[in-house]
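Counting starts at 1 for both ligands and their atoms, in listed order. We count residues from 1, following the sequence as given.
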Amino acid sequence: MKETPYNPEIFPLLRENIRNIVPYSTARDDCKTEMDIYLDANENPFGSVVNRYPSPHQGRLKKILSVLKKVPAGNIFLGNGSDEPIDLIFRLFCPPGNSSVVQAVPTYGMYSVAAAVNDVRVIDSPLTENFELDAGALLSRVAPDTRVIFLCSPNNPSGNLLSREEILKILDSFNGIVVIDEAYIDFAASESFSALVGQYPRLIVLQTLSKAWGMAGLRIGLAIADEYIVDVMSRVKYPYNISVLDQLRAEELLADPLPAMDKVAVLVKERERLAAGLSSLPQAEKVFPSDANFLLVRFRDKDKAFSDLFRNGIIVRDRSSAYGCSGCLRITVGTPEENTRVLDVLGGAADDTGRGDVYCAHSGYPSGNRRSSVFRKTGETSVCIRVDLDSFRPPRIATGLHFFNHMLEQIGFHAGISLDVICYGDISTDDHHTVEDVAIGLGDCLGTALGNKAGIGRYGFSLPMDEAEATVLLDLGGRIDFQWDVKLQCDRIGDVSSQMFVHFFKSLAEHLQCNLHIRAAGSNDHHVIEGVFKAFARAMKSAIRKEAGGSIPSSKGSL
Ligand SMILES: *Cc1c(COP(=O)(O)O)cnc(C)c1O
């Protein structure tokens, strides 16, 4: 049997309570061979892959990673993302309330979050103006209680590799733990420091499957370190920290790693193309050189760049508040098409369909192409609406009013469009603002999606609902005329007051700029209103229909 790893250089660096910690002994620890019958872990014996606990040591996955990373499996710790080893580093080496770490800023935000959680002081050591590491400057900040130095290379958010020479100086002169976070190393033309863990037992290299390997959703991060550090981390971690499915999926995806590597090559090429394209834009003041899959860009007006991108459905990260990053946005390298779109939008080639200060296209659908989205926030409500007139997907509706939700769903289903409506409103006061603001937003959104409505005729739909009957006439010609002849008997239908329905359709007609005539009668209010919504949806369906060839029908619709 193999000896438990021990390293006399590391032992005194550990917090006292951790030094001889006895881990939770899992049932599967003790059982090294395959057995026929497992009655040791109180699992449910019936079922599929997930009825059994996962391997606490992730032996198969570590073997694969040992090959890919070219380090012995015993030097690999696997965590629930890199976040887990980052937190464990504090728990192993930093006595709460009584120690500090040094980080080279600007850098990844998790180090200071984990420090705060563990009650450890953070000392910031600034990188130079071009985000280069000066080992002497950093070492001069080290305090007597400093236990760990965090370096990130390639660095996030600046994107550049830190100088190998300067890092080596720190490894040679600091006698605590040195962490080098290499989350982006696969995008860099540089050797990993992982080859040096044998030589520097106080070195911990962090890597992840989240970025170059395309598995952010699986949450698997690596710490590559001296066997003793790996052993202590494994004793302190949650026993089953990586799920069965995540381990299996990673093993599957890594079985043939070539496609992922090809994609990294594409991204590196795209990074250079994007950098060149952005550099040529007058509003980009500086594109910082990157060894990662993102670019830090200083804009002359970063808010304008951000909102231009946002209104076109592109979200980037505002890093302007990070040290030394004033005016900077961080842009991840996307697919070639996505990067072209970024360059088009910022270069002014994309049409800007944003709607002033109140309205902006919500993430998701860019306006145009018969899709539209609005995000509208007032004192009383916050409304997000998306429509796509040319595709159908079940509606996603949430307004806090059950009956209203049900009615809006009728519009999506019966018009055969994709419709999402999310409204956070002051419904504890009453339903007025919610219903009205959804109507306004929906009218605007449908109007934008329809674009140039010229040629769209007049449509009507008459629909029986049990004993009730509803007729809706709709003319999208651009004139606004609203008529309402609907008799309701009760004050409320479900959780919506009856008077709000006339209000809903009136506001909708005004904002969609249409003629809308609604007539309905019946003895059950619920059926009457449901009939109205369905008939409206059916009339919409005819009105927005595209003829073969994509043109909008120009003949008058029938009544
Ligand atoms: C993205 C990132 C990670 C990875 O985090 P995971 O928890 O593994 O997804 C680690 N460090 C840096 C600097 C990062 O940017």
Residues [X] and [Y]: side-chain donor-acceptor under 3.5 angstrom:
X    : Y    : result
Y238 : N80  : no
D186 : Q207 : no
E227 : N75  : no
K304 : Q283 : no

| request: Flag this pair as yes if the NZ/CZ of R298 is under 6.0 angstrom from the six-membered ring centre of F288 and inside a 45 degree cone about the axis; otherwise no. | output: no

| field | Cationic tip of R330 above F294 ring, under 6.0 Å, 45° of axis | value | yes

| request: State whether the shortest distance between N or O atoms of Y111 and N or O atoms of ligand 1 falls below 3.5 angstrom. | output: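 N/O-N/O distance below 3.5 Å does not exist for this pair.
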
| Taking both backbone and side-chain atoms of N80, is any N or O found less than 3.5 Å from an N or O belonging to ligand 1? |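 By distance alone, the answer is no.
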
| query | What part of D83, side chain, backbone, both or neither, has a heavy atom within less than 4.0 angstrom of ligand 1? | reply | both

| Looking only at heavy atoms, is any part of S82 under 4.0 Å from ligand 1, and if so is it the side chain, the backbone, or both, or is it neither? | both

| said: On a heavy-atom basis, I'd like to know which of D181, L218, N156, T208 is closest to atom 10 (C) of ligand 1. | reply: D181

| task | Out of K211, E84, Q207, indicate the one that has the non-hydrogen atom closest to atom 4 (C) of ligand 1. | result | K211

| Protein heavy atom at shortest distance from atom 15 (O) of ligand 1 | Y184 OH, 2.6 Å

Out of all atoms in ligand 1, which are within 4.0 Å of some heavy atom of [X]? Include the element for each.
X    : result
C152 : 13 (C)
S210 : 6 (P), 8 (O), 9 (O)
A183 : 2 (C), 3 (C), 10 (C), 11 (N), 12 (C), 14 (C)

| request: Apply ring pair (Phe, Tyr, Trp, His ring centres under 6.0 Å) to F187 and list each qualifying residue two or more places apart in sequence or on a separate chain. | output: none

| message | Below 4.0 Å from ligand 1: does a non-hydrogen atom of R219 turn up there or not? | response | yes

| Is the closest basic N to carboxylate O distance between E9 and R202 below 4.0 Å? |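 Result for this pair is yes, salt bridge flagged.
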
